[in-house]
Trainee: 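I'd like to ask some things about the structure below.
Throughout, a chain's letter reflects where its sequence line sits, starting with A, and its residues are numbered from 1. The basis for the numbers below is simple: all heavy atoms, side chains too, and nothing from hydrogens, waters or symmetry mates.
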Amino acid sequence: MDGYSVVVSELMLQQTRVDTVLDYFKRWKARWPGWPELAAAELDEVLAQWTGLGYYNRARNLHRTAIAVVQQHGGQLPHDAAQLGALPGLGPYTVGAVRSLAFGLPAALVDGNVARVLTRWHALVGDGGTLIKPLWQKAELELEVSGPARADPASWNQALMELGATVCSPRKPQCAACPVAQHCLALAQGLQDSIPPVKQRAASAEVQAHYAVVLSPASSGLGDPLADRVLLGQRPPTGRWAGLWEPPGAEQGDPQTLQQWAKAQGWQPLRDLPALQHVLTHRKYAVTAGVYAAADLGTVSAEVDLQPLGYVAARWQPLGQALGAVTGLSRLGQRLLEAALQPAAEDGQGSGPATTKRRRPPSPA
DNA sequence: AAGTCGGGGGA
DNA sequence: TCCCCAGACTT
């Protein structure tokens with residue numbers, strides 16, 4: 001596979017499953033076949049193509065890498081490890097993957113799967129930090145001394161990863177079916193279930209947030225360009241969902257609450273959306289949201305300042321584009337828009353009976 | 001060395 | 001529910 005495809009797929013695959021990546025990768029290649037096309041792309045659209053994959057800094061870095069490859073390397077990926085490692089988003093693992101998988105070089109790589117395989121194979125003991133060097137040394141040594149590894153480093157590396165993903169699983173490894181079983185020191189000592197040790201995970205914090213999906217008035221039938229739009233704010237270039245767009249929202253405890261802001265803007269509340277939960281690795285979002293109507297088209301044409309809510313830009317986006325591939329939304333933002341555009345079957349457009357208001361988050365009590 | 005960054009799928 | 005994942009970057 002060519003270098004561009006390897007870099008794109010490896011960046012997508014970081015902390016992400018193959019099945020999830022497949023469709024994204026196909027769409028990506030169709031949209032930007034190579035480095036020059038990606039380098040010329042707008043970051044906004046790059047993020048939009050990444051929507052749902054998570055870890056959005058990977059997309060920003062991939063875009064920056066494309067620019068660097070074009071401007072500093074003549075459009076060709078360097079083979080040198082140090083030069084590759086200097087590209088944004090390419091760490092030790094990805095450098096090894098590119099050099100072995102794209103260039104066929106005898107370069108080692110250690111990802112989560114390989115680390116687990118090698119840790120058991122050689123019965124390495126220690127915490128994550130102290131094991132990093134020994135793991136890479138083992139991986140590099142094998143590429144020097146093992147015949148099959150030297151003959152085909154790419155296949156060797158992929159085999160190691162595949163072994164970890166299928167047979168040498170985190171829990172209940174299938175040692176009976178393992179081609180390494182005869183050499184595995186952990187298995188010989190009966191330690192295959194305790195090596196590597198299970199790491200403790202920090203509890204995720206609960207966050208309460210409220211969002212406002214503000215819609216412009218429906219079209220008057222004259223094709224008014226300001227009709228049927230939704231207000232989106234762009235998040236800062238760092239932090240969670242960096243650079244992505246979403247309906248304006250605020251977490252509980254923010255200096256300016258969303259309700260205050262919406263009232264000050266004169267938005268007319270239409271209805272509440274069903275409460276939804278959005279789970280991240282370190283945070284659990286309990287999200288409430290309301291649908292609001294902008295007073296008139298004049299409001300829509302005027303500038304909206306979302307900076308008090310922490311956004312760096314604001315935009316009235318046509319609804320079709322907001323859910324298309326034009327705007328980089330977070331998955332949460334996507335879910336909010338989809339919920340707001342539902343025909344409100346359950347909420348009865350706000351005019352229904354009281355039974356429609358039951359889907360509130362349970363009170364913490 | 002520790003914290004941060006998303007999201008989905010399987011046990 | 002909990003746990004894990006084809007990691008990299010910042011502090």
Trainee: Between Glu246(A) and Arg235(A) (salt bridge meaning N to carboxylate O under 4.0 Å), is one present in this structure?
Mentor: yes
Trainee: Among dA8(C), dC5(B), dA6(C), which nucleotide sits nearest the side chain of His282(A)?
Mentor: dC5(B)
Trainee: Starting the side chain at C-beta, find the nucleotide from dA6(C), dG6(B), dC5(B) nearest to Tyr56(A).
Mentor: dG6(B)
Trainee: Under 4.0 Å from OP1 or OP2 of dG7(B): is there any side-chain N or O of His278(A) that close?
Mentor: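 Affirmative; the distance criterion is met.
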Trainee: Does dG10(B) have a Watson-Crick or wobble partner in any strand here, with both distances under 3.5 angstrom, and which is it?
Mentor: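 Matched dG10(B) with dC2(C) under the 3.5 Å cut-off.
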Trainee: Would you say dG7(C) has OP1 or OP2 under 4.0 Å from some side-chain N or O of Gln15(A)?
Mentor: yes
Trainee: Rounded to whole angstrom units, what separation is found between the CG atom of Leu280(A) and the P atom of dG3(B)?
Mentor: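 That distance rounds to 17 Å.
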Trainee: Could you tell me whether Gly164(A) contacts a base, only the sugar-phosphate backbone, or nothing, with contacts defined as non-hydrogen atoms closer than 4.0 Å?
Mentor: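 Nothing, no heavy atom under 4.0 Å.
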Trainee: Send over the distance from Leu332(A) CG to dG6(B) C1', rounded to a whole Å.
Mentor: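 The answer, rounded to whole Å, is 11 Å.
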Trainee: On a whole-Å scale, what distance lies between the P atoms belonging to dA8(C) and dG8(B)?
Mentor: 22 Å
Trainee: Within this structure, what is the OH-to-C1' distance between Tyr285(A) and dT4(B), rounded to whole angstrom?
Mentor: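 It works out to 12 Å between those atoms.
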Trainee: Base, sugar-phosphate alone, or nothing: which one does Leu53(A) contact when heavy atoms must sit under 4.0 Å apart?
Mentor: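 The answer is base, as Leu53(A) lies within the cut-off (heavy atoms under 4.0 Å) of a base atom.
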Trainee: Kindly say whether, by distance alone, the side chain of Thr281(A) makes a donor-acceptor pair under 3.5 Å with the base of dG6(B)?
Mentor: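 Indeed there is one.
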Trainee: For Trp261(A) and Leu309(A), run side-chain contact (heavy atoms from CB on, under 4.5 Å): C-alpha distance rounded to whole Å, both residues' side-chain angles, the deciding distance at 0.1 Å, then the answer.
Mentor: CA-CA 8 Å; Trp261(A) 174 82; Leu309(A) 292 171; 3.7 Å; yes
Trainee: Take the protein atom CG of Asn113(A) and the nucleotide atom C1' of dC5(C), then report the distance between them rounded to whole Å.
Mentor: 8 Å
Trainee: Kindly say if Arg60(A) contacts the phosphate of dC5(B), meaning a side-chain N or O under 4.0 Å from OP1 or OP2.
Mentor: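 The answer is no; no side-chain N or O of Arg60(A) sits under 4.0 Å from OP1 or OP2.
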Trainee: How many whole angstroms separate atom CG of Leu22(A) from atom P of dC5(C)?
Mentor: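 These atoms are roughly 19 Å apart.
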Trainee: Tell me the interatomic distance from Asp111(A), atom CG, to dC4(C), atom C1', rounded to whole angstroms.
Mentor: 13 Å
Trainee: Could you tell me how far dT4(B) sits from dA6(C) if I compare only their P atoms? Round to whole Å.
Mentor: 23 Å
Trainee: When the distance from CG of Leu135(A) to P of dG7(C) is rounded to whole Å, what number comes out?
Mentor: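 Those two atoms, CG and P, are 14 Å apart.
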Trainee: Check the phosphate of dC9(C) against Arg58(A), side-chain N and O only, distance under 4.0 Å to OP1 or OP2. Yes or no?
Mentor: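 So the side chain of Arg58(A) is outside the cut-off, no N or O lying under 4.0 Å from OP1 or OP2 of dC9(C).
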Trainee: Using atom CG of Asp19(A) as one end and atom C1' of dA6(C) as the other, report the distance to the nearest whole Å.
Mentor: 13 Å
Trainee: By nearest nucleotide on DNA chain C, pick out whichever of Arg17(A) and Gly85(A) is the more 5' one.
Mentor: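 The residue whose closest nucleotide sits nearer the 5' end is Arg17(A).
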Trainee: Arg240(A) side chain N/O closer than 4.0 Å to the phosphate oxygens (OP1, OP2) of dC5(B)?
Mentor: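 Affirmative; the distance criterion is met.
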Trainee: Would you say the base of dG6(B) and the side-chain of Thr16(A) have a donor-acceptor pair closer than 3.5 Å?
Mentor: yes
Trainee: So does Trp50(A) get a side-chain nitrogen or oxygen closer than 4.0 Å to the phosphate oxygens (OP1/OP2) of dC5(B)?
Mentor: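 No, no such contact exists.
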Trainee: For the residue pair Phe103(A) and His79(A), does the interplanar ring angle fall in the parallel (under 30°), tilted (30 to 60°) or perpendicular (over 60°) class?
Mentor: parallel
Trainee: Has the side chain of Arg171(A) got a donor or acceptor atom sitting under 3.5 Å from an opposite partner on the base of dC3(C)?
Mentor: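 By the distance-only test, no, there is no pair.
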Trainee: At less than 4.0 Å, is any side-chain N or O atom of Arg116(A) found next to OP1 or OP2 of dC4(C)? Yes or no.
Mentor: no
Trainee: Describe, in one word, how the ring planes of Trp267(A) and Trp316(A) are oriented to each other, choosing from parallel (under 30°), tilted (30 to 60°) and perpendicular (over 60°).
Mentor: perpendicular
Trainee: From the set dC5(B), dC5(C), dG8(B), return the single nucleotide nearest to any side-chain atom of Thr20(A).
Mentor: dG8(B)
Trainee: Counting N and O atoms only, with roles assigned by atom type, does the side chain of Asn157(A) sit under 3.5 Å from a partner on the main chain of Ala107(A), one being a donor and the other an acceptor?
Mentor: yes
Trainee: Below the 4.0 Å mark, does dT4(B) have OP1 or OP2 next to a side-chain nitrogen or oxygen of Tyr55(A)?
Mentor: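 No, because none of the side-chain N or O atoms of Tyr55(A) sits under 4.0 Å from OP1 or OP2 of dT4(B).
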Trainee: Establish, with yes or no, whether the OP1 or OP2 oxygen of dA8(C) is under 4.0 angstrom from a side-chain nitrogen or oxygen of Thr94(A).
Mentor: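 For Thr94(A), the contact criterion (side-chain N or O under 4.0 Å from OP1 or OP2 of dA8(C)) is met.
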Trainee: Closer to the 5' end of DNA chain C via nearest nucleotide, is it Val18(A) or Gly89(A)?
Mentor: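 That would be Val18(A).
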Trainee: Locate the shortest heavy-atom distance separating Ala39(A) from Ile67(A); write the atom from each residue and the value.
Mentor: O-CG1, 3.8 Å
Trainee: Please report the closest heavy-atom contact between Leu273(A) and Leu336(A), naming both atoms and the distance.
Mentor: CD1-O, 3.9 Å
